[in-house]
Undergrad: 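First, the structure itself, so that you have it in front of you.
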Amino acid sequence: MTSIVPEKYLETLSGKAAHLFSFSDGNRYAVKCKNNFHGTRELVNEFVVARLGQLLSLPVVPFEIVNMSEEQIQQIPKTFSSRYKPGSQFASLFINNCTGLAKKPPHPAIKEVKNPHDLAGILVFDYWVYGADRTKSNILLERLPDGQYGIHMIDHGKCFPGGYKWNAETLQKTKKFKKDSVVHIWTAGMLEDLKIISSYIEQIVSLPEASIEEVIRDIPMDWDVSRKDKEALFTYLIERKKTLADSVYTFLKKYMN
Ligand SMILES: Nc1ncnc2c1ncn2[C@@H]1O[C@H](COP(=O)(O)OP(=O)(O)O)[C@@H](O)[C@H]1O
Ligand SMILES: [Mg+2]
């Protein structure tokens, strides 16, 4: 748990689950709270996926687990906050000068993206953690002073089979994604060769079990993940490595130029 403290509620962000606060470190953070309308599992998913993304050096937005009291929560309009519970909350650093991806092409070309390799990493990673929610709004394009776009990944609340409501049973049912992601399709269209894809697959497959275990162990106690569910999540992440290459290449065959 960090020592930064939320000081002032600023606004509720689109989607209504994230609330913008200024914090004692001078930064603004988008905060998702316990027992919100998606359920506390949204925070679990945000945390686990952000930590796994960091292990792979993917452009996860910096985040903190912050403690919020009842009084601090009550700064958020009642329509949302009446359900919220004090304790550990998930806060991601608010990145300025960002847009999502446009709904339709033309999308930025590879030359306009600062970190195009990261997009390939995000694609492979999303197939690992079952990130079926990589919509145009869940990637941030930051306009940099040199005119290029920096890529950031946000919103992993709906990952893993079962999404906001995953449990030991749902994790065993890995179906195909219902809809191909516009971000993944954009990425596939820019890929020049498969080396970068295979290197990310290799990185994920060789990620030590102990590192994955550590992430799951660090889930805040007050987010109520049972031991059985933690074990099932670990098993999911290990088992999914075996079919990862297959599912990524099936997707790419459809969309690579
Ligand atoms: N850390 C952040 N930096 C900049 N914008 C953010 C950040 N977090 C959220 N947003 C903005 O708020 C919107 C909603 O947040 P998101 O985490 O996607 O929640 P939801 O689960 O409601 O989709 C995002 O699409 C984005 O526009
Ligand atoms: Mg979102």
Side-chain angles (χ1 to χ4, degrees), residues 2 4 6-54 58-66 68 73 76-77 79-81 83-84 88-104 107-108 113-115 118-119 122-123 125-126 129-144 149-160 162-166 177-184 186 223:
T2 164
I4 62 165
E7 286 185 334
K8 192 169 185 292
Y9 165 82
L10 301 170
E11 62 173 307
T12 291
L13 298 169
S14 67
K16 313 260 186 253
H19 308 285
L20 194 62
F21 273 83
S22 59
F23 270 71
S24 54
D25 64 351
N27 289 314
R28 293 185 298 167
Y29 290 80
V31 183
K32 289 186 175 173
C33 293
K34 270 171 64 175
N35 205 38
N36 70 35
F37 65 97
H38 292 140
T40 300
R41 205 124 289 197
E42 176 173 24
L43 281 61
V44 175
N45 298 354
E46 288 276 17
F47 171 78
V48 170
V49 174
R51 283 278 300 268
L52 294 173
Q54 287 179 335
L58 291 172
V60 176
V61 168
F63 67 93
E64 305 282 354
I65 306 297
V66 298
M68 277 172 78
I73 283 175
I76 302 167
T79 34
F80 312 111
S81 65
R83 303 175 45 111
Y84 294 174
S88 312
Q89 324 290 347
F90 183 88
S92 69
L93 181 68
F94 192 79
I95 313 290
N96 295 310
N97 296 321
C98 286
T99 54
L101 189 68
K103 193 168 181 181
K104 296 216 170 86
H107 292 134
V113 177
K114 188 103 206 161
N115 45 343
D118 286 347
L119 283 172
I122 293 169
L123 189 158
F125 180 72
D126 284 344
V129 299
Y130 206 76
D133 195 31
R134 186 68 64 200
T135 61
K136 62 182 176 52
S137 314
N138 290 337
I139 189 100
L140 297 178
L141 278 64
E142 180 189 6
R143 189 56 111 158
L144 300 169
Y149 290 108
I151 302 291
H152 305 274
M153 37 198 308
I154 57 160
D155 192 1
H156 304 109
K158 217 174 164 181
C159 289
F160 306 125
Y164 300 131
K165 293 197 161 63
W166 68 259
F177 292 173
K178 279 203 193 94
K179 191 168 183 279
D180 291 334
S181 144
V182 61
V183 176
H184 297 160
W186 172 48
W223 289 355

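We count ligands from 1, going down the list as the structure has it; atoms in each ligand are counted the same way.
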Undergrad: Rounded at 0.5 Å granularity, tell me how far CZ in Phe94 sits from CG in Asn27.
TA: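 The distance works out to 12.0 Å.
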
Undergrad: For the Mg ion (ligand 2), which N, O or S atom of Asp155 is at the shortest distance?
TA: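 The closest N, O or S atom of Asp155 to the Mg ion (ligand 2) is OD2.
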
Undergrad: Evaluate Tyr164 for polar contact with ligand 1, using N/O atom pairs at a separation under 3.5 Å.
TA: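 No; every N/O pair is 3.5 Å or more apart.
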
Undergrad: So is Gly157 in contact with ligand 1, going by heavy-atom distances below 4.0 Å?
TA: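 The answer is no: ligand 1 sits nowhere under 4.0 Å from a heavy atom of Gly157.
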
Undergrad: Testing Phe80, Tyr164, Tyr84 for ring-ring contact (aromatic ring centres under 6.0 Å, His included) with His38, which one passes?
TA: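 Of the listed options, the one satisfying the test is Tyr164.
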
Undergrad: Looking at ligand 1, would Lys158 count as a contact under a 4.0 Å heavy-atom criterion?
TA: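 Under 4.0 Å: no for Lys158.
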
Undergrad: Quick check: does Lys32 get an N/O under 3.5 Å from an N/O on ligand 1?
TA: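 Yes - when backbone and side-chain N and O of Lys32 are compared with those of ligand 1, one distance drops under 3.5 Å.
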
Undergrad: For ligand 1, is there an atom lying under 4.0 Å from some heavy atom of His152?
TA: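 No; His152 lies far enough from ligand 1 that no heavy-atom distance drops under 4.0 Å.
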
Undergrad: Counting only heavy atoms, which portion of Asn138 has something under 4.0 Å from ligand 1: side chain, backbone, both, or neither?
TA: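 Near ligand 1, Asn138 shows its side chain, while the N, CA, C and O stay back.
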
Undergrad: Closest approach of His152 and Cys98, non-hydrogen atoms and distance?
TA: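 Minimum heavy-atom contact is CD2-SG, 4.5 Å.
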
Undergrad: For Tyr149, is the NZ or CZ atom of Arg143 found under 6.0 angstrom from the centre of its six-membered ring and inside 45 degrees of the ring axis?
TA: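 Cation-pi check for Arg143 and Tyr149: passes.
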
Undergrad: Judging by distance only, is a nitrogen or oxygen of Ile95 under 3.5 angstrom from one on ligand 1?
TA: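 N/O-N/O distance under 3.5 Å: yes.
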
Undergrad: Please work out, at 4.0 Å between heavy atoms, whether the side chain, the backbone, both, or neither of Ser137 comes within that distance of ligand 1.
TA: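 For Ser137, backbone and side-chain atoms both sit under 4.0 Å from ligand 1.
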
Undergrad: Determine whether any protein heavy atom is located less than 4.0 Å from atom 27 (O) of ligand 1.
TA: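 No, because not a single protein heavy atom sits under 4.0 Å from atom 27 (O) of ligand 1.
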
Undergrad: Please determine if Val61 has a nitrogen or oxygen closer than 3.5 Å to a nitrogen or oxygen of ligand 1.
TA: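 N/O-N/O distance under 3.5 Å: no.
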
Undergrad: So is there a nitrogen or oxygen of Ser92 less than 3.5 Å from a nitrogen or oxygen in ligand 1?
TA: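 Yes; at least one N/O pair falls below 3.5 Å.
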
